[in-house]
J.: 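Before we start, here is the structure in question, set down as structure tokens.
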Amino acid sequence: MAIQVYNTLTRKKEPFVPRDPGHVSIYVCGITPYDQSHLGHAVPSIIWDAIRRFLEFKGYKVRLVQNFTDIDDKIIARAQATGEDVFEISQRYAQEYLDAMDALGVKRADLYPRVSQEIPAITAMVQELIKKGHAYVVDGDVYFDVTSFPEYGKLSGQQLEELEAGVRLSVDERKRHPMDFALWKAAKPGEPAWDSPWGKGRPGWHIECSAMSLKYLGNGFDFHGGGVDLVFPHHENEIAQSESYTGEPPFARCWLHNGLLQVKDEKMSKSLGNFTPLAGLLDKYPAGVIRLYVLSSHYRSPLQYSEEKLEEARRGWERLMDTVANLKYLLSSWEKAGSPGADRPSLEEIESPAVRQLAEEVESSRSKFIAAMEDDFNTAGATAALFELARSINAFQGQTANLTDRERQQCLPVLREAAAVFQQLGGGILGLIEDKSSPSGAEQLTEALLELLVEVRQRARDKKDWATADYIRSELGKLGVKLEDSPLGTRWKL
RNA sequence: GGCGGCAUAGCCAAGUGGUAAGGCGGAGGUCUGCAAAACCUCUAUUCCCCAGUUCGAAUCUGGGUGCCGCCUCCA
């Protein structure tokens with residue numbers, strides 16, 4: 001089944017056909033680092049991370065580029081207010097953003113170009129646009145002439161005439177058309193500026209993404225993404241200037257826009273002052289919880305933010321993590337017991353109905369998951385499939401006690417496969433399940449000590465010394481370690 | 001005023017013509033020294049409202065209503 005994607009440009013779902021077979025090129029509009037990153041910024045990052053991981057899972061070689069707008073009015077304003085250097089500010093907040101993405105388990109983009117480092121590409125593009133008659137110079141400013149691009153409005157469905165009627169701000173009299181936008185802004189005193197054929201100045205907002213995406217991904221790259229709030233004017237303008245520049249549409253093949261994070265029915269944004277900084281949130285919630293919260297709805301839907309929603313996500317996430325722990329426990333105890341690690345038998349070869357059912361359910365959850373992701377990256381449907389798989393695995397575990405030796409023999413490879421699939425879907429693609437493959441020395445010691453305490457407590461329990469057993473459990477509880485007794489033995493979790 | 005989107009249980013949320021996934025919460029049960037976890041059963045005769053198309057609509061069409069985003073910096 002081919003991947004289907006909803007394209008903002010055509011307003012319908014269409015089959016995804018990459019520009020270059022086997023390769024996917026993606027440009028995601030990044031942030032303007034002038035203040036703390038908030039949860040709203042994490043939304044597209046998490047979504048694109050899942051999309052990217054899924055495409056890689058499907059065998060594509062993915063190239064993902066995300067920019068930093070490290071020079072703009074807001075950063076300059078901030079610098080003037082604090083007396084700090086413009087680039088120190090943008091550098092610091094860009095780093096904070098990257099740290100937060102790392103903490104969220106978002107794989108790094110292949111490239112994070114910064115406007116300030118791309119001035120030559122930008123001025124070259126502006127020059128070409130002037131040469132082709134798509135832009136004009138006024139007092140050191142350069143404007144794009146929207147009437148020179150007949151298709152202006154094709155992304156957002158806007159008509160130039162209507163836009164003109166709806167202009168809310170006083171229009172700069174020097175512009176030929178009210179919707180003309182700045183490609184280059186003449187420098188004001190005290191602002192960072194670069195030399196250009198039109199005098200000292202700096203790039204306008206929209207031109208950077210065109211220049212950088214064309215430079216690093218080439219014309220006609222596969223996906224251009226960002227929040228829906230960027231459709232107009234930002235992405236509309238990108239299309240206008242890029243396609244005017246190259247003369248070879250499309251600039252980007254498919255436009256994906258994610259819904260916005262809302263707080264009390266208003267979007268979360270820095271300007272509204274209702275944002276939840278990522279840094280603090282990551283102290284309170286594991287990355288997997290935040291990711292599950294974001295990925296359990298479709299990327300195009302708006303997402304309501306509240307602590308309760310995150311708490312709900314936490315409980316669901318804990319169930320997934322418990323399933324991982326269950327699997328690990330079961331596998332290691334069986335492996336210790338010396339069950340031979342045979343090849344995975346075919347479905348027909350499996351005698352035990354319980355084992356066969358598990359094998360079937362693993363396969364069906366896996367295909368449901370993949371089908372959901374192929375259908376416009378429906379992570380909500382995919383997480384549903386993951387939860388179904390968790391239930392299958394946990395339910396199977398409850399039946400393991402009455403399996404015969406021979407059934408266990410067949411079961412081990414099936415169970416290993418279940419674990420691998422669960423890890424691949426929930427961990428590898430959605431990034432919900434952390435894979436602690438190499439615990440640190442301190443962690444290993446902690447584990448060993450906990451195992452010891454659990455063993456001591458078990459001896460007390462064997463003697464029906466409930467007082468000692470309960471004492472150990474409750475004291476560990478105070479330290480944040482939860483003990484759970486099961487027919488398979490006692491498990492602990494932090 | 002223009003453009004775009006959304007409306008599914010107590011809450012969150014999939015589902016684009018064939019008879020309502022999944023999560024959280026709630027009720028009951030199994031297991032268990034207790035606790036917890038896990039599992040099982042139940043929890044929307046119905047998808048904002050009205051009309052229409054159809055053998056059949058949450059899904060398509062028309063008309064309402066409500067909410068959100070954009071038209072100014074924004075992920």
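Below, chains carry the letters A, B, ... as their sequence lines are ordered, and counting in each starts from 1.
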J.: Under 3.5 Å, is there any donor-acceptor pair linking the side chain of A:Glu388 to the base of B:G22?
T.: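 Under the 3.5 Å cut-off, the side chain and the base do not form any donor-acceptor pair.
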J.: For a quick test of reading the model: is some side-chain N or O of A:Ser37 closer than 4.0 Å to OP1 or OP2 of B:A75?
T.: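 Looking at the OP1 and OP2 atoms of B:A75, neither is under 4.0 Å from any side-chain N or O of A:Ser37.
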J.: Identify whether any heavy atom of A:Arg78 sits under 4.0 Å from a base atom; if not, whether one sits that close to sugar-phosphate; answer base, sugar-phosphate or nothing.
T.: nothing
J.: Side chain of A:Gln158 only, please: which of B:A13, B:G2, B:G69 is the nearest?
T.: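 Comparing B:A13, B:G2, B:G69 against the side chain of A:Gln158, the answer is B:G2.
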J.: Are A:Arg319 and B:G23 close enough that a side-chain N or O sits under 4.0 Å from OP1 or OP2?
T.: yes
J.: Which is true for A:Gly398 with a 4.0 Å heavy-atom rule: it touches a base, it touches only sugar-phosphate, or it touches nothing?
T.: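 Contact class for A:Gly398: none.
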J.: Under 3.5 Å, is there an N or O donor on one side and an acceptor on the other linking the side chain of A:Asp72 and the base of B:C73?
T.: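 Result: no qualifying N/O pair found.
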J.: With the side chain of A:Arg315 defined as its heavy atoms from C-beta on, choose the nearest nucleotide among B:C68, B:C24, B:A14.
T.: B:C24
J.: I'd like to know if the side chain of A:Arg92 pairs up with that of A:Gln95 as donor and acceptor (distance under 3.5 Å, no hydrogens or angles considered).
T.: no
J.: Touch check for A:Leu261, heavy atoms < 4.0 angstrom, all strands: base, sugar-phosphate only, or nothing?
T.: base
J.: Taking the six-membered ring for Trp, are A:His41 and A:Tyr97 parallel (under 30°), tilted (30 to 60°) or perpendicular (over 60°)?
T.: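 A:His41 and A:Tyr97: perpendicular rings.
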J.: Just compare B:G69, B:C12, B:A38 and give me whichever is closest to any side-chain atom of A:Asn394.
T.: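 Per side-chain heavy atoms of A:Asn394, the pick is B:A38.
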J.: Under 3.5 Å, is there a donor-acceptor pair between the side chain of A:Glu484 and the main chain of A:Arg491?
T.: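 Absent.
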J.: Respond yes when some side-chain nitrogen or oxygen of A:Lys464 is under 4.0 Å from OP1 or OP2 of B:C34, and no when none is.
T.: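 So the side-chain polar atoms of A:Lys464 never come under 4.0 Å of the phosphate oxygens OP1 or OP2 of B:C34.
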J.: Return the 5'-most residue of the pair A:His38, A:Leu483 with respect to RNA chain B, ranking by each residue's nearest nucleotide.
T.: A:Leu483
J.: What does B:G56 pair with, Watson-Crick or G-U, if both distances are under 3.5 Å?
T.: none
J.: Between A:Glu191 and A:Lys185, does any side-chain N to carboxylate O distance fall below 4.0 Å?
T.: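 No, this pair does not count.
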J.: Could you tell me whether the side chain of A:Arg11 has a donor or acceptor atom within less than 3.5 Å of a complementary atom in the base of B:G4?
T.: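 Checked by distance alone, the answer is no.
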J.: Please name the nucleotide paired to B:U65 by Watson-Crick or G-U wobble geometry with both distances under 3.5 Å, or report none.
T.: B:A7
J.: Pick the closest RNA chain B nucleotide for A:Arg473 and for A:Thr383 by heavy atoms, then say which residue is nearer the 5' end.
T.: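 It is A:Thr383 whose nearest nucleotide is closer to the 5' end.
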J.: A:Asp73 near the nucleic acid: base, sugar-phosphate alone, or nothing, with a heavy-atom cut-off under 4.0 Å?
T.: nothing
J.: Report yes or no: is the ring centroid of A:Trp466 under 5.5 Å from the six-membered base ring centroid of B:G33, with the two planes under 30 degrees?
T.: yes
J.: Can you tell me how far P of B:A38 sits from CG of A:Leu330, to the nearest Å?
T.: 16 Å
J.: If the C1' atom of B:G56 is compared with that of B:A75, how far apart are they to the nearest Å?
T.: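 Each nucleotide's C1' atom is 43 Å from the other's.
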J.: Under 4.0 Å between any heavy atoms, over every strand shown, what does A:Thr8 touch: base, sugar-phosphate, or nothing? Just pick one.
T.: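 Here A:Thr8 touches no strand at all.
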J.: Taking any heavy-atom pair under 4.0 Å as a contact, classify A:Arg391: base, sugar-phosphate, or nothing.
T.: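 Touches sugar-phosphate only.
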J.: Contact class for A:Leu260 vs. all strands (heavy atom < 4.0 Å): base, sugar-phosphate, or nothing?
T.: base
J.: Please determine whether a side-chain nitrogen or oxygen atom of A:Asn326 lies at a distance below 4.0 Å from atom OP1 or OP2 of B:A38.
T.: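 It does not, given that no N or O in the side chain of A:Asn326 lies less than 4.0 Å from OP1 or OP2 of B:A38.
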J.: Could you please name the option among B:C39, B:G22, B:C11 that lies closest to any side-chain atom of A:Lys309?
T.: B:C11
J.: When the P atoms of B:A58 and B:G17 are considered, how many whole Å apart are they?
T.: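 Between the two P atoms, the distance is 13 Å.
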J.: Side chains of A:Tyr152 and A:Gln158: do they bring a donor and an acceptor to under 3.5 Å?
T.: no
J.: Which part of the nucleic acid, if any, lies within reach of A:Gly30 when heavy atoms closer than 4.0 Å are counted: base, sugar-phosphate only, or nothing?
T.: sugar-phosphate
J.: Using a cut-off of strictly less than 4.0 Å, decide whether A:Arg314 has a side-chain nitrogen or oxygen near OP1 or OP2 of B:C24.
T.: no
J.: For the side chain of A:Asp470, counting heavy atoms from C-beta on, which of B:C11, B:G69, B:G33 is nearest?
T.: B:G33
